[in-house]
Amino acid sequence: MDAPILRVAVLASGRGSNLQALIDAQREGRLGAAHIVVVGSDRRKAGALQIAHAADIATVVVDPRDYADRASFDLALFARIGEHQPDLIVLAGFMRILDPAAFAPWLGRLINIHPSLLPKYPGLHTHRRAINAGDAEHGATVHHVTAELDDGPPIAQARLPILAGDTPETLAARLLPLEHALLVRCVRDWQAAAIAAD
Ligand code: GRF
């Protein structure tokens, strides 16, 4: 019998450091049965696509400019991703608000990493907002995606103290490796639970 595999799709709009962390973990045997089968993006120039190419992972680009509206773009994106039959879709820096109707078939199999301690600071500029609010700590959340922006049941969080003199840039730089470890842990735990339930 073939070894079980958890098929993972990653959607990313930007540089793709979280994707790289997942690829590194997979290569080093730290992702268990999780296997990244496709990387999708809304931006042809996303660094994440270069990272996927370098790792010989299939890519899908769906350009919003080719669609009349958000809903039709989202439906096309999930249809293309669905062709790769993922068991889990990870939003890792995917910078578009998605239409709940488009991802309804994927509910329960769709997660996002967000750079704040949700429910604090959904949306953008999370590091600046945490500093400006005088928060003592900041962090990142991996959560299930639901119809609400950056909301949905949290799966796990990583925390770090905000230091005197922190800027949004220094805070983001210190948080990033914690995000990577958090996302790797969540995908590894997800595959462990999926395999155990099988
Ligand atoms: C990360 O901070 C992630 O939490 C947020 O977008 C950023 C993506 O970074 N959702 P990268 O493209 O994975 O480097």
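Indexing begins at 1, ligand by ligand and atom by atom, following the structure's order.
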Discussion item. Checking the side chain of Arg174 only, and the main-chain atoms of Ile162 only, is there a donor and an acceptor separated by less than 3.5 Å?
Written reply: no

Worksheet entry | Main-chain N/O of Leu163 paired with Asp166 side-chain donor or acceptor, under 3.5 Å | yes

Discussion item. Can you tell me which portion of Glu179 lies within the under-4.0 Å heavy-atom range of ligand 1? Options are side chain, backbone, both, or neither.
Written reply: side chain

Worksheet item: Salt bridge or not for Asp135 and Lys120, using N-O below 4.0 Å?
Response: yes

Discussion item. Do the side chains of Arg44 and Asp66 get close enough for a salt bridge, i.e. N-O under 4.0 angstrom?
Written reply: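 Between Asp66 and Arg44 there is a salt bridge, with a charged N closer than 4.0 Å to a carboxylate O.
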
Polar atom proximity, [X] to ligand 1 (N or O, under 3.5 Å):
| X | answer |
| --- | --- |
| Arg15 | yes |
| Asn112 | no |
| Ala92 | no |
| Gly16 | yes |

Fill in: Numbered atoms and elements of ligand 1 in range of Ser17, under 4.0 angstrom, heavy atoms
11 (P), 12 (O), 13 (O), 14 (O)

Discussion item. If the cut-off is 4.0 Å to any non-hydrogen atom of Gly93, which atoms of ligand 1 fall inside it?
Written reply: 6 (O), 8 (C), 10 (N)

Item to complete: Would you please say whether a donor-acceptor pair under 3.5 Å links the side chains of His127 and His138?
Response: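 A pair is found: one side chain offers a donor N or O, the other an acceptor, under 3.5 Å apart.
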
Worksheet item: Under 3.5 Å, is there a donor-acceptor pair between the Ser17 and His180 side chains?
Response: yes

Worksheet item: Of the listed options (Asp150, Leu182, Asn18), which comes nearest to atom 13 (O) of ligand 1 when hydrogens are ignored and any heavy atom counts?
Response: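 The option holding the nearest heavy atom is Asn18.
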
